[in-house]
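Reviewing the structure listed below.
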2 protein chains.
Amino acid sequence: MSEFIKVTYKTVAKDLHKKAESIAVGMTVGSWTDLPLAKQELLAPYLGKVESVHIQQEKDGLQYGTISINYPSNNSTPDIPALLTTVFGKLSMDGRIKLIDISFPPSFLRQFPGPKFGIEGVRSLLGVNGRPLLMSIFKSCLGLPLSDLETQFAAQIEGGVDMVKDDEIFFVDDRAPLNERLQAYNKIIVEAGRPILYAANLTGPVHQLIDKAKYAIENGANCLLLNVLPYGFDILQRLAADPDITVPLMAHPAMAGAYYSAEDYGIASPLLLGTLMRAAGADIILYPSPYGSVALNRADALHVAENIRSDNGVHKTAFPVPSAGIHPGLVPNLYNDFGTDVIVNAGGGIHGHPGGAADGGRAFRAAIDAVISGTSLAEAAQTNQPLARALEKWGGA
Amino acid sequence: MSEFIKVTYKTVAKDLHKKAESIAVGMTVGSWTDLPLAKQELLAPYLGKVESVHIQQEKDGLQYGTISINYPSNNSTPDIPALLTTVFGKLSMDGRIKLIDISFPPSFLRQFPGPKFGIEGVRSLLGVNGRPLLMSIFKSCLGLPLSDLETQFAAQIEGGVDMVKDDEIFFVDDRAPLNERLQAYNKIIVEAGRPILYAANLTGPVHQLIDKAKYAIENGANCLLLNVLPYGFDILQRLAADPDITVPLMAHPAMAGAYYSAEDYGIASPLLLGTLMRAAGADIILYPSPYGSVALNRADALHVAENIRSDNGVHKTAFPVPSAGIHPGLVPNLYNDFGTDVIVNAGGGIHGHPGGAADGGRAFRAAIDAVISGTSLAEAAQTNQPLARALEKWGGA
């Protein structure tokens, strides 16, 4: 019994129906109508089929719209390099076409690990329920000695953040090697007396990353950050599938803009940063927020969250982390747009607080408490000086 | 002593000089002017510097052009995930910006393996000099039983091709497993009595690909095909750097269109498929030809070849394989554009020959001999029936 992976493209052609047919055949068995009957029988289980064609506009003899192709799930092994090559490999180079969406049959999706912890698992590690989590980013990491990073880390913790992550540009760490960071930060976490996740940037040769992750975990890492796209989706999947990787995996979207930004080319963000990241096993997924300067459009930003938090019957949900340009005044927007199961993540919005990083954290925690209790930020700020100063600086009351 | 990686972007801003400054600082040490002097001294070796700004157009208050930033080579480890994250990770998501070019100091480039065989090494394996090589692609692979693939392989060899490659969409090969293919094809190669390379598609979990490649080589593989972008550049680099991988590595450009196609986003093809593929260790690089329907623009196609065949003082050169839509009538164009050190690669142009795949190969070989000896195809076709029929079908005499 065949099952199908449904793949949707946005494209343009003189005849979209004809183009859809040519993709369905060309990306699977290569040719069809000219095959002898015996060969057709042999190849039928591998033949792609046109599911639908939606013409959205006709102009100057061209049809603009979307087409959906059903690929037999047996055409690809259950890994993202094979999947993307199968449905978009050479097609990506064939004129104006953007990969918009993929939906999987449960039998295929089940072969992907999905998040090991997911939203519930991460909450349970932190012991925090009923409110958005708060994460902070080091102001910068590259080139700083351990003592500076320790000071930064302590200030962030003091402000009440639930998680801290390394900067993703942190490959050369000879001034503060991973093991020394883990030791220093874990001491601060123990002193804080509450669970805190520190996402350490996992770097190195791709074929050694699993061993390196295990070594980091043995040395105290309780969360790992990965630049998934530069390293390739597959290593995320293999980390997630490994039973010895016993900590949440945080996916950074570095390089994602090279894929999703163009209107007519590449891979749409809800698929790239949503569906695929979740299937491959990210527990926590950073991506551009719909606010601030490094912004994703609002519909796509919400769609990413939907793709990683909806019940797909197979995998755990993952935490959306709409990032960049976040300050305490934006917490009501984040809460209205993304609800409770979101991670509020800030760099400049923490470190740039007039009272320092600790007050930055306090301002965010006060803003989160306010939205949860239905209080306006202006009202909350009357009894919370750090929040008042944040609103004064960044607005948003 | 600092050395710099020079990175060029195409972008747009109200003030390109200001944008360049903000990238130079923002993508390296994070902030600068507000740092205390002692911290500036500490971070100086990591600070990016603006190399140049070229304003190409000013319109509606915006400046369009290119900017070049010098990144200290010590900011990145010598691997492509780290490099791309460092120079384009978050920047890729920051508005209209395309990564155009990277040039490396020799000290940094030397830490990449580059091609193990290169043009000379591949020629030496095949014992063929003084003419473009000829490669053919299986008509299709997916779903076909070994006996069909054997027949296809034998016909391609009979026509005189130097190399045959698997289709890149060939992950599920249970009807013709790799080891059985290697055994069957190698028997045909031995019978042919001349060296022929067969590029077997390397597939599987990324952390097992090195072992899988070694196993394939032990079982007779003499060339390996890799979908580099879906798997990630790093595994190509690790394969190339491994002394036990003793066969040429062929890079397929699957997914490349998602990066290079947009005018204002992504990564330019001469960098993506040229510079980076060569540094990471591809001996043979497929990419869209400037002819046919799946086409790269001519300037970029030539630029890819230039980036992989120029003397960079560090690495061997790699073979360009401008592919898609190639038929014998295009051989003069290929020769004029790319010279002798090119691989003529065809699928439909071989299998679609009216006399079958063997005649398809013969037609290409005759066309190659003609251009080398300065004979026109029309003249050569007078004494070569397969070439005459090919020109009749596809034109180009």
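A quick note: this is a predicted structure, and the numbers were derived from the prediction, not measured.
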Review point. Who among A:Ser140, A:Pro205, A:Ala241 has the most heavy-atom pairs with chain B under 4.5 Å?
Key: A:Pro205
Check your understanding: Heavy-atom distance under 4.5 Å to chain A: side chain of B:Ile80, backbone, both or neither?
Key -> neither
Point to revise | Side chain, backbone, both or neither of A:Asp264 within contact of chain B (heavy atoms, under 4.5 Å) | key: neither
Practice item. Considering only heavy atoms and a distance below 4.5 Å, find which of A:Val29, A:Leu43, A:Asp79 pairs most often with chain B. Key: A:Leu43
Check your understanding: Among B:Gln208, B:Met255, B:His207, which residue forms the greatest number of heavy-atom pairs with chain A at distances under 4.5 Å?
Key -> B:Met255
Review point. Picking from B:Gly204, B:Gly232, B:Gly89, B:Ser31, which has the most non-hydrogen pairs under 4.5 angstrom with chain A?
Key: B:Gly89
Practice item. Applying side-chain contact (heavy atoms from CB on, under 4.5 Å), run through A:Met93 and B:Leu296 and close with a yes or a no. Key: CA-CA 8 Å; A:Met93 295 177 278; B:Leu296 202 60; over 6 Å; no
Check your understanding: Are B:Leu142 and A:Met27 close enough that some pair of their side-chain heavy atoms sits under 4.5 Å apart?
Key -> no
Review point. Do A:Asp234 side-chain atoms and B:Val206 backbone N/O form a donor-acceptor pair below 3.5 Å?
Key: yes
Revision key, fill the gap. Rounding to 0.5 Å, atoms CG (B:Leu229) and OG1 (A:Thr85) come to a distance of 9.0 Å
Exercise for review: Heavy-atom pairs under 4.5 Å with chain A are the metric here; pick the option from B:Ile97, B:Ile235, B:Asn75, B:Thr203 that has the most.
Suggested key: B:Asn75
Practice item. Examine whether an atom of B:Asn227 lies under 4.5 Å from a heavy atom of chain A, and if so say whether it belongs to the side chain, the backbone or both; otherwise answer neither. Key: side chain
**Study point:** Heavy-atom contact with chain A under 4.5 Å, split by part of B:Lys98
**Key:** neither
Exercise for review: Name the member of B:Gly30, B:Pro253, B:Gly347 that forms the most heavy-atom pairs with chain A at distances under 4.5 Å.
Suggested key: B:Pro253
Revision key, fill the gap. Correct closest heavy-atom pair for B:Leu42 and A:Pro145 would be CD2-CD, 3.4 Å
Exercise for review: Take A:Val172 and B:Thr77 through the side-chain contact (heavy atoms from CB on, under 4.5 Å) test and state the conclusion after the steps.
Suggested key: CA-CA 6 Å; A:Val172 177; B:Thr77 46; 4.2 Å; yes
Exercise for review: Could you point out which residue of A:Phe88, A:Tyr259, A:Tyr265, A:Tyr260 forms a ring pair (Phe, Tyr, Trp, His ring centres under 6.0 Å) with B:Tyr259?
Suggested key: A:Tyr259
Point to revise | side-chain contact (heavy atoms from CB on, under 4.5 Å) between A:Asp148 and B:Lys39, intermediate numbers included | key: CA-CA 10 Å; A:Asp148 275 45; B:Lys39 193 62 77 67; 2.8 Å; yes
Review point. Quick one: what part of B:Ser76 sits under 4.5 Å from any heavy atom of chain A, side chain, backbone, both or neither?
Key: backbone
Practice item. Measure distances from B:Ile210 to the heavy atoms of chain A and classify the residue's part below 4.5 Å as side chain, backbone, both or neither. Key: side chain
Review point. Looking at A:Leu83, A:Ile267, A:Leu144, which has the largest count of heavy-atom pairs under 4.5 Å with chain B?
Key: A:Leu144
**Study point:** B:Arg175 vs A:Tyr46 side-chain heavy atoms within contact, under 4.5 Å
**Key:** yes
**Study point:** Heavy-atom pair count under 4.5 Å with chain A, highest-scoring of B:Cys141, B:Pro81, B:Ala254
**Key:** B:Pro81
Point to revise | Part of A:Ser92 lying under 4.5 Å from any heavy atom of chain B | key: both
